[in-house]
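Shown next, in structure tokens, is the structure this report addresses.
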Amino acid sequence: MRNSADRPLVVQKDLTVLLETHHPEAEELRANLSRFAELVKSPEHVQTYRMTPLTLWQAAAAGMSGEDLISWLEPYSKFPLPAGAAADIRKYVGRYGLLRLERVGEELLLVSEDTVVLGELMNYAFMQKYIVESRGERAVQVLREARGELKQELAKLGYPVSDMAGYHRGEALAIRLKGTTAGGADFRLRDYQEEAVDAFYRGGSTMGGSGVVVLPCGAGKTVIGIAAMAKLGCATLVLTSNVTSVRQWKREILDKTELTEEQVGEYTGETKEVKPVTIATYQIITHRKAKDEPFVHLALFNRRDWGLIVYDEVHLLPAPVFRATADIQATRRLGLTATLIREDGRESDVFSLIGPKRYELPWRKLERSGWIATVECTEIQVPLSEERRAAYAGAEARRQFRLAGENAAKLDITRTLLQKHAGEPTLIIGQYLEQLKLLSKLTGAPMISGETGHEERERLYAAFKAGRERVLIVSKVANFAVDLPDASVAIQVSGSFGSRQEEAQRLGRILRPKPGANKAYFYTIVSKDTKEQEFTMKRQLFLVEQGYSYSIVTVGGMASAERGGLHRVPSSLPEELVLT
DNA sequence: GAGGTGGTAA
DNA sequence: ATGCGTACCACCTC
């Protein structure tokens with residue numbers, strides 16, 4: 001038994017967990033912690049994780065018990081677990097599964113072994129509109145059409161419902177994967193893809209067929225969606241974020257399955273086909289003539305007897321699609337995403353309406369098996385010039401962020417980095433068009449923004465892929481463009497506030513496996529001692545939670561540190577960056 | 001093909 | 001614990 005000084009965790013009463021990052025077992029502990037807690041702070045030596053009701057429900061849905069968590073935390077904790085904390089962990093984990101939805105014949109029942117809780121819930125005013133009639137102490141019949149709404153409401157109240165009411169099969173459709181038949185193309189599911197589909201199909205401790213699969217960029221989420229369709233063998237509606245992605249889904253489906261053009265349809269602004277497999281954008285579903293008018297294309301959900309709905313980029317799911325999804329709870333639902341993060345407080349709706357997280361593949365694990373590149377992340381802190389510092393001090397908070405973002409000193413650093421990585425395909429990614437235009441002028445590299453037409457984009461992508469253009473400067477289009485070619489170096493010159501989503505997305509741009517050492521470089525240039533620096537820390541939390549670490553280099557000084565710091569990739573950043 | 005509307009990030 | 005202008009996309013109408 002290690003003595004308490006060697007133990008790297010402190011569990012606090014408010015369900016936060018502190019992890020000492022220098023502990024030899026820190027990396028392993030982080031991997032486990034991130035299964036039931038989220039990272040909220042990561043300064044140099046100690047990381048703060050937080051268990052929330054939702055992160056604990058996710059753990060419960062994955063089959064962990066409160067006792068499992070407590071007995072895992074205890075031996076690593078410096079101090080005995082505060083009594084309140086242990087009780088809360090048991091309470092929240094135990095909440096999941098306390099209420100179940102079950103179907104008996106045509107009836108939908110809300111069931112609980114805990115008669116006290118069920119009794120209390122029955123007294124809530126909002127419950128009255130869902131109740132058909134009481135079925136003794138342990139069950140109550142509820143309206144079938146309220147299945148989604150009821151789960152949403154109860155989750156908000158702190159009682160997540162385990163939905164065992166099953167699904168309808170939908171219109172049958174034989175979908176055969178190529179490569180599984182003689183003479184097919186050479187295509188096989190990777191092990192983790194198979195596991196993900198399986199986890200979705202079976203479910204954790206609860207009924208499968210609905211839920212979320214979380215996979216890093218480049219791990220083949222589309223393939224998992226396709227394999228899920230094939231496994232269920234039914235008409236499928238795929239919802240995704242933009243038209244390019246619709247095309248990509250269609251291409252992949254035709255490429256990986258034996259479905260024909262006649263069976264796969266696009267439902268977008270241009271083309272409105274409803275075929276056994278239909279791919280649509282979120283936008284078209286949420287479209288309406290005017291604010292107070294109804295959604296024009298909402299009926300797509302009922303245009304066919306879908307047996308499966310795939311929600312690509314499920315973290316982007318817009319409010320009206322939540323509403324529509326609440327009404328189709330008997331249809332199987334698969335959510336796909338790289339980062340299950342929403343900061344608009346609707347995570348619990350994703351949990352209730354799409355389903356619990358069924359499978360998550362940690363990014364670094366995929367890195368170890370070589371499916372994605374190893375990335376060296378460096379944060380370069382650049383001071384503001386004296387003039388800019390003065391303007392900054394006098395500016396309103398809002399203006400300050402932009403002044404820091406557009407810090408002219410970043411231009412020099414960018415040029416230095418381009419020299420350092422001469423010859424390597426490089427993306428420069430930023431937030432402000434003016435800043436990017438200037439960079440384009442200074443470096444001669446072409447720039448792509450929302451204004452750039454599709455033809456021009458494709459021409460530039462092709463030139464970049466062929467190596468005729470070595471550097472591309474991209475605006476926020478990089479957050480959406482699914483066809484942006486992969487690079488081995490990314491330089492982030494500015495970004496939007498504290499978006500963890502965006503940081504992950506941008507890192508994702510250099511993850512495709514590289515020939516040779518399979519290595520990529522991610523730089524983020526930040527104005528020192530500004531608002532931007534704070535937001536940068538927030539941005540990095542998701543990736544640090546995934547086990548990435550950033551070497552911090554200060555330009556003009558020599559200070560160097562490490563954020564994340566659980567695994568150390570020595571920074572290969574040269575001294576020549578010290579530009580003073 | 002441009003311009004208007006509405007929706008997204010967080 | 002964070003922001004309410006900035007950038008972008010898709011749809012529809014003309």
Side-chain angles (χ1 to χ4, degrees), chain A residues 14 16 38 40-41 48 50 52 239-247 266-272 279-298 300 312-324 337-347 395-406 429-437 447-457 473-484 493-506 530-542:
Chain A
D14 63 354
T16 55
E38 58 175 356
V40 289
K41 247 191 282 176
T48 307
R50 185 174 49 207
T52 67
L239 301 175
T240 187
S241 52
N242 59 45
V243 176
T244 320
S245 171
V246 169
R247 305 270 145 75
E266 272 177 39
Y267 194 94
T268 62
E270 250 170 64
T271 331
K272 289 190 181 49
I279 313 152
T281 58
Y282 287 124
Q283 268 85 352
I284 198 161
I285 288 179
T286 55
H287 180 264
R288 47 183 165 183
K289 279 209 174 91
K291 229 183 172 77
D292 47 0
E293 289 195 47
F295 300 99
V296 186
H297 300 287
L298 211 50
L300 184 58
D312 192 18
E313 313 284 3
V314 68
H315 58 276
L316 297 174
L317 210 108
V321 179
F322 273 120
R323 247 168 281 142
T337 184
T339 56
L340 192 45
I341 296 173
R342 297 179 72 104
E343 277 161 301
D344 60 357
R346 300 210 67 161
E347 290 100 333
E396 283 176 72
R398 211 169 309 142
R399 176 93 190 117
Q400 283 186 326
F401 184 71
R402 179 145 192 178
L403 277 167
E406 293 192 301
I429 312 177
Q431 157 100 332
Y432 302 108
L433 298 181
E434 286 309 310
Q435 180 185 34
L436 296 176
K437 276 177 200 155
M447 163 182 166
I448 299 171
S449 75
E451 293 161 20
T452 316
H454 280 272
E455 257 173 60
E456 174 73 354
R457 282 186 207 198
I473 300 179
V474 287
S475 71
K476 280 202 302 201
V477 288
N479 298 12
F480 307 89
V482 284
D483 45 358
L484 181 66
V493 293
S494 52
S496 67
F497 300 93
S499 173
R500 295 174 281 179
Q501 190 71 55
E502 190 176 75
E503 186 87 356
Q505 187 83 255
R506 288 175 173 179
T530 65
K531 286 241 149 49
E532 192 183 38
Q533 215 181 325
E534 289 166 44
F535 283 118
T536 295
M537 290 207 271
K538 170 102 198 272
R539 294 173 64 82
Q540 296 170 352
L541 284 178
F542 174 77

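Sequence lines set the chain letters: A, B, ... in the order given, protein chains first and strands last, and positions in each chain run from 1. These numbers were taken from a predicted model, which means no experiment stands behind them. These numbers come from the heavy atoms of this one structure, side chains and all, not from hydrogens, waters or symmetry mates.
Contact of the Leu436(A) side chain with the Val493(A) side chain is registered, since non-hydrogen atoms from C-beta on lie closer than 4.5 Å.
Within the nucleic acid shown, Thr281(A) comes within 4.0 Å of sugar-phosphate atoms alone, with no base atom in reach, counting heavy atoms only. Counting non-hydrogen atoms under 4.0 angstrom, His315(A) reaches nothing in the nucleic acid. Among the atoms of the strands shown, only primed sugar atoms or phosphate atoms (P, OP1, OP2) are found under 4.0 Å from some heavy atom of Gln431(A).
In this structure, the side chain to side chain donor-acceptor pair (under 3.5 Å) partners of His297(A), at least two apart in sequence or on a different chain, are Tyr267(A). Scored by the salt bridge (charged side-chain N to carboxylate O under 4.0 Å, His left out) test, Lys272(A) finds no partners at all (sequence neighbours excluded). Here Thr240(A) pairs with Ser245(A), Asp312(A) under the side chain to side chain donor-acceptor pair (under 3.5 Å) rule; sequence neighbours left out. In this view, Arg323(A) satisfies the salt bridge (charged side-chain N to carboxylate O under 4.0 Å, His left out) rule with no residue, not counting sequence neighbours. Here Glu502(A) pairs with Arg506(A), Arg539(A) under the salt bridge (charged side-chain N to carboxylate O under 4.0 Å, His left out) rule; sequence neighbours left out.
Atom-to-atom, CZ of Phe497(A) to C1' of dA7(C) comes out at 12 Å; the value is rounded to the nearest Å. The interatomic distance linking Ile473(A) (CD1) with dA7(C) (P) rounds to 16 Å, in whole Å. In this entry the distance linking NZ of Lys531(A) with P of dC4(C) reads 11 Å, nearest Å. Atom-to-atom, CD1 of Ile448(A) to C1' of dC8(C) comes out at 14 Å; the value is rounded to the nearest Å. For Glu270(A) and dT13(C), the CD to P distance is 15 Å, given to the nearest whole Å. Between the NZ atom of Lys538(A) and the P atom of dT2(C) there is a distance of 8 Å, rounded to whole Å. One atom, CD of Glu532(A), and another, C1' of dT2(C), lie 16 Å apart when rounded to the nearest Å. At whole-Å resolution of the value, CG in Leu239(A) and P in dC11(C) are 13 Å apart.
For His297(A), whose side chain is taken as the heavy atoms from C-beta onward, the closest listed nucleotide among dA10(C), dA7(C), dC12(C) is dC12(C). Picking from dC9(C), dC11(C), dA7(C) the nucleotide with the shortest atom distance to the side chain of Val477(A) gives dC9(C). Here dA9(B) is the nucleotide among dC11(C), dT2(C), dA9(B) with the atom lying nearest to any side-chain atom of Leu316(A). When the nucleotides dC12(C), dA10(C), dC8(C) are ranked by their closest atom to the side chain of Asn242(A), dA10(C) comes out on top.
Here the straight-line distance linking atom NE2 of His315(A) with atom CZ of Arg500(A) works out to 12.0 Å at 0.5 Å rounding. Interatomic distance, CZ of Phe401(A) versus CD of Glu406(A), reported as 10.5 Å (0.5 Å rounding).
A close approach under 4.0 Å does not occur between any side-chain nitrogen or oxygen of Lys272(A) and OP1 or OP2 of dA10(C). Contact check, Arg457(A) against dC9(C): a side-chain N or O comes under 4.0 Å of OP1 or OP2. Remark: Ser475(A) is in phosphate contact with dC8(C), judged by side-chain N or O atoms under 4.0 Å from OP1 or OP2.
When each of Arg50(A) and Tyr432(A) is assigned the nucleotide of DNA chain C with its nearest heavy atom, Arg50(A) is the one assigned upstream, toward the 5' end.
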Set out, line by line, the N/O atom pairs under 3.5 Å between protein and nucleotides 4-6 of chain B.
from, atom 1, to, atom 2, distance (Å)
dG6(B), OP1, Lys291(A), N, 3.1

